[in-house]
Colleague: 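Structure in structure tokens, see below.
All chains are named by letter (A, B, ...) in the order of the sequence lines, taking the proteins before the strands, and each is independently numbered beginning at 1. Any value given below was found using the heavy atoms of this structure, including those in side chains, with hydrogens, waters and symmetry copies removed.
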Amino acid sequence: MNAAVALAVGMTRTWVALYTLGLPRELRNGRRAEIDSDLWEHQRTAEFLEQRQGETSLQLLTRLVLGVPSDVTWRLETGRSDRSERSISVNESGTMRSLVVVGVVVALFLVVTGIGAVVDALVQEDLASGQAGFGVISVLAGAAVGSGLLTSRRNPLLGIGLVAAGAITVAAAWYWMLMITIPVGIAMVAIAFFRARQTGWPRGAGTA
Amino acid sequence: MRRKPGHLLLIELTILEAGIRLRMEGVAHFYGFLIAREIKERQEARLLTAHGTLYKALDRLQRLGLLESEWEDPLVAAQANRPRRRLYWVTAAGEAALVPAAETAPRPVAQPRRGLAPS
């Protein structure tokens with residue numbers, strides 16, 4: 001496996017690990033194992049067809065990027081049904097849901113921008129310029145913010161921590177936009193915090 | 001996204017159709033990547049279905065009872081030196097759902113798509 005394919009596989013696995021955070025173990029491990037199997041089959045098929053490694057990595061990244069909206073909606077739906085199965089009586093307000101959606105859109109923007117930077121570096125075969133690294137950092141930070149927002153009700157500490165880590169990383173990586181990234185980052189952390197508070201956290205009810 | 005109960009998306013119809021076609025060709029069970037490749041070849045698409053699109057659709061079809069699945073025997077996967085596959089098959093309800101759904105939805109095979117289905 002060359003560096004580009006390894007990067008694409010790693011990014012896919014990282015994204016799957018992030019959006020399955022907070023799900024029941026069986027569901028989480030099932031989705032991760034299924035994607036692992038898919039990645040393995042994809043690589044073996046590409047080798048069998050003697051496909052260029054650059055083409056394989058681009059295919060893997062494209063499959064990752066175009067699937068992100070479905071992953072997010074699947075996560076929201078699955079999280080919702082899981083919560084209802086656990087009979088959580090705390091309802092989320094429409095305003096909070098809207099804020100979370102806005103936050104997830106911002107996170108998706110980071111993910112897409114980062115993947116665009118990586119793909120561009122791969123196409124230009126310019127992995128040494130730091131653009132690919134910037135892209136990977138943006139993807140991971142965006143994924144952390146998005147998954148943190150989504151998990152902040154189920155697992156408040158983890159959710160808020162992920163959002164904060166992602167926001168700090170973005171502020172550092174996009175340092176020329178501090179006037180924007182700092183207030184947006186604070187807003188993201190606040191959304192995660194108040195979302196967690198709606199479950200009664202930190203007085204024990206937040207373990208739901 | 002709110003959908004009418006029982007309403008199937010194009011990707012879901014395509015998966016059911018491809019699963020039935022594979023069975024007619026002697027492949028009793030299919031796994032994610034196999035069905036993605038089957039759809040790509042059948043539709044002469046340039047790219048495979050995106051991960052999120054594919055596995056969300058498989059999950060929903062299973063929740064609707066139109067597909068069933070089980071994890072492959074670990075020994076089989078170990079002997080083949082690869083990760084375990086999650087094996088799916090189309091249920092009788094899945095076959096039954098395909099006909100009326102296909103009558104009211106765009107034909108998945110008659111409209112070749114280029115590229116991936118994002119949702």
Colleague: Taking 4.0 angstrom as the limit, do A/E41 and B/R37 come out as a salt bridge?
Modeller: no
Colleague: For the CD atom on B/E25, are there more than 12 heavy atoms of other groups (residues, nucleotides or ligands in this structure) within a distance under 6.0 Å?
Modeller: yes
Colleague: How long is the span from the OG1 atom in A/T62 to the CZ atom in B/R46, to the nearest 0.5 Å?
Modeller: 8.5 Å
Colleague: Can you check whether B/R82 reaches A/R44 side chain to side chain, under 4.5 Å on heavy atoms?
Modeller: no
Colleague: Side chains of A/E34 and B/F33: does their closest heavy-atom pair fall under 4.5 Å?
Modeller: no
Colleague: Out of A/D36, A/V16, A/T45, return the one with the most heavy atom pairs under 4.5 angstrom to chain B.
Modeller: A/T45
Colleague: Decide yes or no for B/L47 and A/L66: does some side-chain heavy atom of the first lie under 4.5 Å from some side-chain heavy atom of the second?
Modeller: no
Colleague: Could you measure the distance from the CZ atom of B/R84 to the OG atom of A/S37? Nearest 0.5 Å is fine.
Modeller: 10.5 Å
Colleague: Write down the atom of B/A50, the atom of A/G67, and the distance for their closest heavy-atom approach.
Modeller: CB-N, 3.5 Å
Colleague: Does A/T78 reach the side chain of B/R63, with side-chain heavy atoms less than 4.5 Å apart?
Modeller: yes
Colleague: Mind listing the closest non-hydrogen atom pair of A/R63 and B/A36 along with its distance?
Modeller: NH2-CB, 4.1 Å
Colleague: Would you indicate whether A/R32, at its atom CZ, is surrounded by more than 12 heavy atoms from other residues, nucleotides or ligands within a distance under 6.0 Å?
Modeller: yes
Colleague: Under the criterion side-chain contact (heavy atoms from CB on, under 4.5 Å), which of B/T53, B/L54, B/I11, B/T49 is the partner of A/S70?
Modeller: B/T53
Colleague: For A/D71 and B/Y55, test the side chains for any donor-to-acceptor distance below 3.5 angstrom and give the result as yes or no.
Modeller: no
Colleague: Does the side chain of A/L39 come within less than 4.5 Å of B/H51's, by heavy atoms?
Modeller: yes
Colleague: Taking all heavy atoms of A/W40 and all of B/P83, pick out the closest pair and write down the distance.
Modeller: CG-CD, 3.4 Å
Colleague: Please give me the minimum heavy-atom distance between A/R31 and B/K56, naming the atom from each residue.
Modeller: NH2-N, 3.9 Å
